[in-house]
Amino acid sequence: MTNIILLFSSLASGYFLGSLNSAVIVGKLYGKDIRSCGSRSAGLTNTLRVLGKTAAVFVLVGDVLKGIIACFIGLIFFEVYFYTGEAQDSLSLLVAGLGAVIGHNWPLFFKFRGGKGALTAVSVLFMVDWILALLCIAFFILIVAMTRYVSLGTISATGLIPVVSFISVFGHTFYFNIFACLMAAIIIIKHRENIQRLLSGTENKLVF
């Protein structure tokens, strides 16, 4: 029972933190609802296109920080968990990180209309496996450099996470593999409109 309460607390803490959607908050400071502008996505790319570089930097920092802070909250719960002698791994960290991504995508404070979770997800991934995170970022950069489609780079890099996660050389736990699959599924589902536009050839390209 204690384990369930700790895990639920980790998930709830991550979710509420993730619900502080940086793009929506920054957009409001600029007098705009980012969800009604451009691609209507409450994320970094749309903020860059609509509000400019300075606003995008604030969104970048905000989305990354909340993923990191959520993981630290999970670690605090893990310490409590650990000293009861019942912890097998940092499951509470994974749950808190996943909660942050869910909160970002479906924020309680903004009528459940959020972003797509990529930035928050990569910050969480850095906290749990920085090698896998760097690998995914490198793959993302490669795809975007070749195609100039940020969405395609994000989808491709996200799909790489569970594939690499299941490779035994990385030594991931069963819980991590489940976390990787859930996180990838959430992000790819949120990109379903981008996938449709990519298939129809109407997706916006990144202009350098």
Side-chain angles (χ1 to χ4, degrees), residues 18-19 21-24 26-27 30 32-53 55-64 66-67 97-98 100-107 110-126 129 131-167 177-208:
S19 289
N21 188 285
S22 305
V24 176
V26 170
Y30 277 73
K32 292 185 178 181
D33 184 348
I34 195 68
R35 298 166 299 177
S36 301
C37 305
S39 66
R40 299 183 180 181
S41 174
L44 176 66
T45 305
N46 196 36
T47 301
L48 177 62
R49 289 189 179 121
V50 174
L51 301 178
K53 295 178 182 178
V57 169
F58 283 118
V59 172
L60 172 66
V61 173
D63 284 355
V64 169
K66 67 185 180 184
L98 185 63
V101 176
I102 294 172
H104 177 87
N105 290 0
W106 296 280
F110 300 110
K111 299 180 180 179
F112 303 101
R113 291 177 58 210
K116 296 172 182 174
L119 268 178
T120 301
V122 78
S123 66
V124 171
L125 191 59
F126 260 108
D129 188 335
I131 296 177
L132 178 54
L134 287 176
L135 180 62
C136 289
I137 288 176
F139 191 53
F140 166 82
I141 292 173
L142 176 64
I143 297 298
V144 174
M146 291 175 60
T147 67
R148 288 192 291 156
Y149 288 122
V150 174
S151 58
L152 182 59
T154 302
I155 294 165
S156 301
T158 300
L160 186 67
I161 297 173
V163 173
V164 176
S165 175
F166 279 92
I167 298 176
N177 291 335
I178 295 298
F179 158 81
C181 290
L182 287 174
M183 191 167 67
I186 288 170
I187 295 172
I188 291 174
I189 287 172
K190 286 290 287 186
H191 279 82
R192 59 189 182 278
E193 292 181 2
N194 299 88
I195 294 172
Q196 292 174 354
R197 289 195 294 268
L198 284 167
L199 293 174
S200 64
T202 58
E203 179 72 326
N204 293 323
K205 289 188 175 183
L206 180 66
V207 179
F208 295 103

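A quick note: this is a predicted structure, and the numbers were derived from the prediction, not measured. All heavy atoms count here, side chains included; hydrogens, waters and symmetry mates do not.
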Asks: What residues form a side-chain hydrogen bond (donor to acceptor under 3.5 Å, both in side chains) with Ser36, not counting sequence neighbours?
Replies: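 Scan of Ser36 (side-chain hydrogen bond (donor to acceptor under 3.5 Å, both in side chains), adjacent residues dropped) gives none.
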Asks: For the atom pair CG (Leu152) and CZ (Phe140), what is the distance rounded to the nearest 0.5 Å?
Replies: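 Reported value, rounded in 0.5 Å steps: 10.0 Å.
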Asks: Do Lys111 and Trp106 form a cation-pi contact, if we require the NZ or CZ to be under 6.0 Å from the six-membered ring centre and within 45 degrees of the ring's axis?
Replies: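 So Lys111 doesn't make the cation-pi contact.
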Asks: If I compare all heavy atoms of Ala23 with all of Gly43, which pair ends up nearest, and what's the gap?
Replies: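 Where Ala23 meets Gly43 most closely, the heavy atoms are CB-N, 3.7 Å.
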Asks: Just by modelled atom types, is the Tyr149 backbone N or O under 3.5 Å from a matching donor or acceptor in the Lys205 side chain?
Replies: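 No: the side chain of Lys205 does not pair with the backbone of Tyr149.
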Asks: Check Val144, Ile143, Thr147 against Ser156 for a side chain to side chain contact (heavy atoms under 4.5 Å, CB included) and give me the one that passes.
Replies: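 Of the listed options, the one satisfying the test is Ile143.
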Asks: Is the backbone of Gln196 close enough, under 3.5 Å, to the side chain of Ser200 for a donor and an acceptor to pair up by distance?
Replies: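 It does hold such a pair.
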Asks: Stepwise, does the side-chain contact (heavy atoms from CB on, under 4.5 Å) test hold for Asn204 with Arg49?
Replies: CA-CA 11 Å; Asn204 293 323; Arg49 289 189 179 121; 3.8 Å; yes
Asks: May I ask you to decide if Pro107's main-chain N or O and Ser19's side chain share a donor-acceptor pair within less than 3.5 Å?
Replies: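 Judged by distance alone, no pair lies under 3.5 Å.
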Asks: Please test Phe179 against Val124 for side-chain contact (heavy atoms from CB on, under 4.5 Å), starting from the C-alpha separation and ending with a verdict.
Replies: CA-CA 11 Å; Phe179 158 81; Val124 171; 3.7 Å; yes
Asks: For Ser41, check side-chain hydrogen bond (donor to acceptor under 3.5 Å, both in side chains) against everything at least two apart and list the hits.
Replies: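 Result, side-chain hydrogen bond (donor to acceptor under 3.5 Å, both in side chains) vs Ser41: none returned.
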Asks: List for me each residue that meets side-chain hydrogen bond (donor to acceptor under 3.5 Å, both in side chains) alongside Asn105, sequence neighbours excluded, and say none if there are none.
Replies: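 Listed in chain order: nothing, the list is empty.
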Asks: Knowing that exactly one of Val59, Leu60, Val61 qualifies, which makes a side chain to side chain contact (heavy atoms under 4.5 Å, CB included) with Asp63?
Replies: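 Exactly one candidate clears the test, Val59.
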Asks: Between SG of Cys37 and OH of Tyr30, what distance do you get to the nearest 0.5 Å?
Replies: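 Going from the SG atom of Cys37 to the OH atom of Tyr30 covers 13.5 Å.
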Asks: Please confirm whether the backbone N or O of Arg113 pairs with a side-chain atom of Arg35, one donor and one acceptor, at under 3.5 Å?
Replies: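 Yes.
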Asks: Can you give me the closest heavy-atom contact between Asp129 and Leu132, atom names plus distance?
Replies: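 Of all heavy-atom pairs spanning Asp129 and Leu132, the closest is OD1-N, 3.1 Å.
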Asks: Begin from the C-alpha positions of Cys136 and Leu125 and carry the test side-chain contact (heavy atoms from CB on, under 4.5 Å) through to its verdict.
Replies: CA-CA 10 Å; Cys136 289; Leu125 191 59; 4.3 Å; yes
Asks: Using atom types as modelled and distance alone, determine if a side-chain donor or acceptor of Arg192 lies under 3.5 Å from a backbone N or O of Ile189.
Replies: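 Indeed, once roles are kept as given, a pair shorter than 3.5 Å links the two residues.
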Asks: At their closest point, which heavy atom of Ser123 faces which heavy atom of Gly67, and how far apart are they?
Replies: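 Of all heavy-atom pairs spanning Ser123 and Gly67, the closest is OG-CA, 3.3 Å.
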Asks: Evaluate Phe126 against Leu134 for side-chain contact (heavy atoms from CB on, under 4.5 Å), listing each step before the verdict.
Replies: CA-CA 8 Å; Phe126 260 108; Leu134 287 176; 3.6 Å; yes
Asks: Quick check for you: to the nearest 0.5 Å, what is the distance between Ile34 atom CD1 and Asn21 atom CG?
Replies: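 Answer for the CD1-CG pair, Ile34 versus Asn21, is 10.0 Å.
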Asks: How far apart are the closest heavy atoms of Gly117 and Ile187, and which atoms are they?
Replies: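 In terms of heavy atoms, the two residues are closest at O-CD1, 4.0 Å.
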Asks: Rounded at 0.5 Å granularity, tell me how far CE in Met183 sits from CD1 in Ile178.
Replies: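 Spacing of CE (Met183) from CD1 (Ile178) equals 13.0 Å.
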Asks: Enter the distance from Leu51:CG to Asn46:CG here, rounded to the nearest 0.5 Å.
Replies: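 Here the interatomic distance stands at 8.0 Å.
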Asks: Within a reach of under 6.0 Å around CZ of Phe58, are more than 12 heavy atoms found that belong to other residues, nucleotides or ligands?
Replies: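 Result for CZ/Phe58: open.
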Asks: Any chance you could measure Leu119, atom CG, to Thr154, atom OG1, to the nearest 0.5 Å?
Replies: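 It comes to 8.5 Å.
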